[in-house]
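This report concerns only the one structure given below.
Given the structure is predicted, the values throughout are model-derived calculations rather than measurements. Letters A, B, ... mirror the listed sequences (proteins, then strands); counts begin at 1.
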Number of protein chains: 2
Amino acid sequence: MATGSGQDSPTINDVARRADVSVATVSRALRGLPNVAPSTRARVVEAAATLEYVIDPTASRLAGGRSHTVGLVVPMLGQWFHSQIFTGVEGVVGAAGYDVLPFTMSGPGGVARFIDSPPFRKRVDGLVVADAPLGNEQFEVVMAAGVTTVTLGVLVDGVAGLAVDNTAAARLAVGHLTGLGHTRIALIGGVDDDPFRFSVPVDRFRGYQEALKAAELTYDPELAVPGNFSLDGGAEAMHRLLALSDPPTAVFACSDEMAIGAMQVARDAGVRVPEEMSIIGIDDHDVSEYVGLTTIRQDVVGQGERAATLLLEQLGPDAPAPTHEIHPIRLVVRRTTGAPAPHTGKRG
Amino acid sequence: MATGSGQDSPTINDVARRADVSVATVSRALRGLPNVAPSTRARVVEAAATLEYVIDPTASRLAGGRSHTVGLVVPMLGQWFHSQIFTGVEGVVGAAGYDVLPFTMSGPGGVARFIDSPPFRKRVDGLVVADAPLGNEQFEVVMAAGVTTVTLGVLVDGVAGLAVDNTAAARLAVGHLTGLGHTRIALIGGVDDDPFRFSVPVDRFRGYQEALKAAELTYDPELAVPGNFSLDGGAEAMHRLLALSDPPTAVFACSDEMAIGAMQVARDAGVRVPEEMSIIGIDDHDVSEYVGLTTIRQDVVGQGERAATLLLEQLGPDAPAPTHEIHPIRLVVRRTTGAPAPHTGKRG
DNA sequence: CCTCGGCATGCAAGCGCTTGCAGTCGAGGC
DNA sequence: GCCTCGACTGCAAGCGCTTGCATGCCGAGG
């Protein structure tokens, strides 16, 4: 009667009977535990194979206390960045025999709901928290659930994690722009009403300011607009920038998606890129190469893989002390940045 | 000692004791089953709340026989199309209290491994198989695992599913091109060595041919090249097309990603789009709007939601007979298609 | 006043594994 | 020849829930 289940599949009992041993021995033999005679193990393995026995992960977990599942917390898997992380994580933990269960923070309630009742409770051995817009206090709550955690994109005290140096990335991007001679450089950044002080946009904003200072330019608040890390957000931001009485000649967008959104708006408005408007992003999105976007490259899949590896280590028998890693970034110059127009003024 | 688990969290026993009822009553009360006195239920709910009791899904599943998890089978979650499907599926089944466990077919072994030992065995109540490059025979194997299934993108006899009419979509796209006056129209399609006769590229190829025939054009095999459904694949395909002695004036790519890859190669080669080369895709990828790509739009997230809804129905108490649904498509004309270059003096 | 049908609740048997502990058996040591 | 020790294996007690069945209670009908 069980919905979704065909004929009864064999249990460990069936295997035990067929191999003429106890279920305990089957359990040990199949999991490669020591103290099983080689001949016995072979017999068990063969019995399992002929019966097409598949261990029931549910029962295994209940009895063993471990779920062999790692959770992946991301804002929303539908975004390129996060789906790449998933790819990296799943590749590594999958090879280690773990399932990966994604938890998104979209939908009604979003982050708040996530904090109130962490959905991963009782279902994962460990967690990769990627790019999560959580402040330290929110993190405390998550950690209180007592799940081994690795962060990606954000570093939290006492929790293993890896990230790029967002301040440096922003400095690199804006430095590229100032190096080309730009003096009016806009920032398209994160949400400005973020209640959790999510550090990624904050750090990039700081890097932006530092680079301006290094070039002896003054920071004009009018040029810093939110972009929500989406194509539409980038587009809207560019609309605002173009409406300024004295528009920028260059834009640093805190993600490639925002950069692409912004770029199209500029072109639609008749502003040539890069002749009249330089644009640089961060990420090196798959399509960036194909739209010629200059960007700060980071290896997203690689970061996912590394996070997974760190988590597996933490989950292992002799877990190393949690460490923080900074992953490299690189400026990739393509076709959306160039020197500012010789004479600042009206565009044609 | 348990890795990844903090202080012992309360069990159903603790709640029972606190509410002064049996665990059976707690179980029934918390799940909203009938035959529980309102006052009792209230007491139980309160006890659970004060204890911050969270049901252990593992135990629940073992005892109840249902995992409250649905699997999502996709080729690889890192691709836009599939991550959108995830978004749709997760939204719906998540609201229904299910977890979503993604299974990808990438990595070593890929599809074959997937068929040999379906990784979702014993872990899901139902399955959404999206866009899977499986032939009917492969599907038999998957179905043999006895899991309630809904397909997305491909229709299989006897299995509930939904898809767009791929032949019609291709006809619409190519018809748009012939309508503009193109006579040499290329196809950038799926992999050509697909061992499973994955129907999506096959159907689109048929639509391509039908549209050519409708316009009284002859099919030139030279103009049909594989593109692997990726940016790079599209780029490579365009390289091949441009190398032809008599290149096409228009290209129909079987996905927006391939179209974007192709478009950039054309532009890099100095071929103006759309003046000298029209390009149309399928999907309406997020960035398509921003690169001005003409395409055949389909609502991917909506399809994911619908597939999830169908699956939930199938999983429910009075499951309807499996049906097939065809979802709508729509031509979205943007800036990458136009009339062919005026060999015979049509337009400047 | 006694009985019967329903509703509310409790009992206890599992669900399929894992694992601490006990037992078996053969070989080596005294 | 008996005891000890070690390598294997089995026993059985759970892991935290769900659920069929039994029980107790109450009002209504006979």
Rounded to whole angstrom units, what separation is found between the [atom1] atom of [X] and the [atom2] atom of [N]?
X: B/Leu62; N: C/dA13; atom1: CG; atom2: C1'; value: 14 Å
X: B/Ile55; N: D/dC15; atom1: CD1; atom2: P; value: 17 Å
X: A/Leu30; N: C/dC17; atom1: CG; atom2: P; value: 10 Å
X: A/Arg28; N: C/dT18; atom1: CZ; atom2: P; value: 11 Å
X: A/Arg31; N: D/dT9; atom1: CZ; atom2: P; value: 15 Å
X: A/Arg121; N: D/dG16; atom1: CZ; atom2: C1'; value: 15 Å
X: B/Ile12; N: C/dA12; atom1: CD1; atom2: P; value: 17 Å
X: A/Leu33; N: C/dC17; atom1: CG; atom2: C1'; value: 13 Å

Is the distance from OP1 or OP2 of [N] to the nearest side-chain N or O of [X] less than 4.0 Å?
X: B/Arg66; N: D/dT18; value: no
X: B/Ser22; N: C/dC11; value: no
X: B/Asn35; N: C/dC7; value: no
X: B/Thr40; N: C/dT9; value: yes

Between [options], which nucleotide has the shortest distance from any of its atoms to the side chain of [X]?
X: A/Thr25; options: C/dC17, D/dC17, D/dG10; value: D/dG10
X: A/Lys122; options: C/dC11, D/dC17, C/dT18; value: D/dC17
X: B/Ala63; options: C/dT18, C/dC11, C/dG14; value: C/dG14
X: A/Ser27; options: D/dG10, C/dT9, C/dT19; value: C/dT19

From A/Leu162 atom CG to A/Thr151 atom OG1, the distance as rounded to the nearest 0.5 Å
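A/Leu162 atom CG to A/Thr151 atom OG1 measures 7.0 Å (nearest 0.5 Å).
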
When you look at B/Asp131 and B/His82, which way does the side chain to side chain donor-acceptor pair (under 3.5 Å) test go after all the steps?
CA-CA 8 Å; B/Asp131 211 31; B/His82 307 133; 2.9 Å; yes

Any side-chain heavy atom of B/Thr309 sitting closer than 4.5 Å to one from B/Arg306?
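Counting from C-beta outward, B/Thr309 and B/Arg306 do come under 4.5 Å.
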
Starting at the 5' end of DNA chain C and moving along, which residue's nearest nucleotide shows up first, B/Ala59 or B/Ala24?
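Closer to the 5' end of DNA chain C: B/Ala24.
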
Grab the two heavy atoms, one from B/Leu310 and one from B/Glu325, that are nearest each other, plus how far apart they are.
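Answer, listing the atom of B/Leu310 first, then B/Glu325: CD2-OE2, 3.9 Å.
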
Tell me the closest heavy-atom pair linking A/Val147 and A/Val124, and the distance in Å.
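So the minimum-distance heavy-atom pair works out to CG1-CG2, 3.8 Å.
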
Closest-nucleotide 5' rank along DNA chain D - winner of A/Val23 and A/Ala37:
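Between the two, 5'-proximity favours A/Ala37.
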
Are A/Arg121 and A/Ser117 linked by a side-chain donor-acceptor pair shorter than 3.5 Å?
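No, A/Ser117 and A/Arg121 have no side-chain donor paired with an acceptor closer than 3.5 Å.
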
Determine the contact category for B/Thr58: base if any of its heavy atoms lies under 4.0 Å from a base atom, sugar-phosphate if only primed atoms, P, OP1 or OP2 are that close, otherwise nothing.
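B/Thr58: no heavy atom of the nucleic acid under 4.0 Å.
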
At under 4.0 Å between heavy atoms, what does B/Asp56 touch on the DNA or RNA strands: base, sugar-phosphate, or nothing?
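Sugar-phosphate, no base atom in range.
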
Tell me whether the side-chain N or O atoms of B/Arg61 pair up with the base of C/dG16 as donor and acceptor below 3.5 Å, since no angle test is needed here.
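Counting by modelled atom types and ignoring angles, no donor-acceptor contact under 3.5 Å is found here.
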
